[in-house]
Amino acid sequence: MTDLFALVRDVPDFPRPGVLFKDLTPLFRDAAAFRTLIDALAAPYRDAKVDAVLGIEARGFILGAAVALRLGAGFVPARKPGKLPALTDREAYSLEYGHDALELHVGSFAPGDRVLLIDDVIATGGTARAALALARRQQAEIVGAAFAVEIDFLRGRDVLPIDVAVTSLLHV
Ligand code: AMP
């Protein structure tokens with residue numbers, strides 16, 4: 001993992017002063033590193049019978065869609081307000097650098113669907129918590145939440161439901 005994450009670029013003061021942004025775009029650009037990252041995110045869930053990956057806008061789409069293909073699962077986007085065209089459910093949340101909300105199409109999941117949440121970074125955990133709340137309102141069964149990078153000092157995993165298994169590849 002050391003080589004992989006040498007490709008994560010730290011961008012100070014983005015998008016707000018005081019935030020050290022973990023930019024994964026150089027890693028996405030490197031074919032071998034990107035493949036290794038996707039394989040590592042998917043590996044713990046190979047036998048988990050995942051029906052769908054839930055990816056969070058926007059970098060969670062890049063990782064989530066690739067992990068879904070790797071697992072033979074479908075993909076469901078959780079999007080910023082006003083982006084999804086059909087009937088949606090909404091959950092407001094706070095994040096490291098502000099407040100926002102996520103929306104999910106109504107009917108994305110059937111009761112008991114096995115869902116894996118994917119995003120690039122977990123910081124304060126508010127975004128992931130909102131996505132999980134939306135999925136659970138549709139009675140999805142959460143098989144786990146996987147992140148490329150976890151910013152440990154922000155303790156985001158502590159705000160996720162205790163019964164959700166969290167895997168992060170890099171702790172910073
Ligand atoms: P949070 O809700 O605070 O856990 O924030 C997680 C969401 O915001 C994820 O979708 C991340 O892509 C993004 N994010 C928050 N903080 C950072 C950071 N320091 N570097 C990169 N992305 C971040």
Student: Can Arg9 and Asp30 be counted as an ion pair, charged N to O under 4.0 angstrom?
Tutor: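 Asp30 and Arg9: not salt-bridged.
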Student: Under 3.5 Å, is there a donor-acceptor pair between the Tyr45 and Thr167 side chains?
Tutor: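 Tyr45 vs Thr167: donor-acceptor pair found between side chains.
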Student: Under 4.5 Å between side-chain heavy atoms, hopping through other hydrophobics if needed: is there a path connecting Leu7 to Val172?
Tutor: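 Yes, Leu7 connects to Val172 through the hydrophobic network.
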Student: Could you go through residues 73-84 and list every donor-acceptor pair under 3.5 Å that involves a side-chain atom there, pairing it with any protein atom two or more places apart or in another chain?
Tutor:
unit_1, atom_1, unit_2, atom_2, d
Arg79, NE, Glu57, OE1, 3.0
Arg79, NH2, Glu57, OE2, 3.2

Student: Kindly compute the distance separating CG (Asp100) from OG1 (Thr127), expressed to the nearest 0.5 Å.
Tutor: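 Answer for the CG-OG1 pair, Asp100 versus Thr127, is 7.5 Å.
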Student: Once rounded to the nearest 0.5 Å, what's the spacing between atom CD1 of Ile118 and atom CD1 of Ile56?
Tutor: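 The CD1 atom of Ile56 is 9.5 Å from CD1 of Ile118, to the nearest 0.5 Å.
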Student: Looking only at heavy atoms, which two atoms of Ala48 and Val143 are closest? And how far apart?
Tutor: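 Distance-wise, the nearest heavy atoms are O-CG1, 4.3 Å.
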Student: Once rounded to the nearest 0.5 Å, what's the spacing between atom CG of Asp113 and atom CG of Leu54?
Tutor: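 Asp113 CG to Leu54 CG: 11.5 Å, rounded to 0.5 Å.
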Student: Run the side chain to side chain contact (heavy atoms under 4.5 Å, CB included) check on Leu4 and Leu37 step by step: do they pass?
Tutor: CA-CA 8 Å; Leu4 202 58; Leu37 174 64; 4.2 Å; yes
Student: Does Glu141 pair with Arg136 as a salt bridge, N-O distance under 4.0 Å?
Tutor: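 No, this pair does not count.
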Student: Test Arg129 against Glu91 for salt bridge (Lys or Arg N to Asp or Glu O under 4.0 Å), laying out the working first.
Tutor: CA-CA 9 Å; Arg129 183 173 63 177; Glu91 179 80 7; over 6 Å; no
Student: At their closest point, which heavy atom of Ala135 faces which heavy atom of Ile142, and how far apart are they?
Tutor: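 Distance-wise, the nearest heavy atoms are CB-CD1, 3.9 Å.
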Student: Between Asp10 and Lys22 (salt bridge meaning N to carboxylate O under 4.0 Å), is one present in this structure?
Tutor: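 Salt bridge: yes.
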Student: Supply the atom-to-atom distance Asp39 CG to Arg46 CZ, rounded to the nearest 0.5 angstrom.
Tutor: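 With rounding to 0.5 Å, CG (Asp39) is 8.0 Å from CZ (Arg46).
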Student: Given Leu169 and Phe147, is the side chain to side chain contact (heavy atoms under 4.5 Å, CB included) satisfied, shown in steps?
Tutor: CA-CA 7 Å; Leu169 300 181; Phe147 306 92; over 6 Å; no
Student: Can you name the nearest heavy-atom pair linking Asp13 to Gly18, along with the distance?
Tutor: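 Smallest heavy-atom distance, with atoms named: OD1-N, 2.7 Å.
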Student: Drop me the distance from Ser108's OG to Asp89's CG, to the nearest 0.5 angstrom.
Tutor: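 So the OG of Ser108 and the CG of Asp89 are separated by 9.5 Å.
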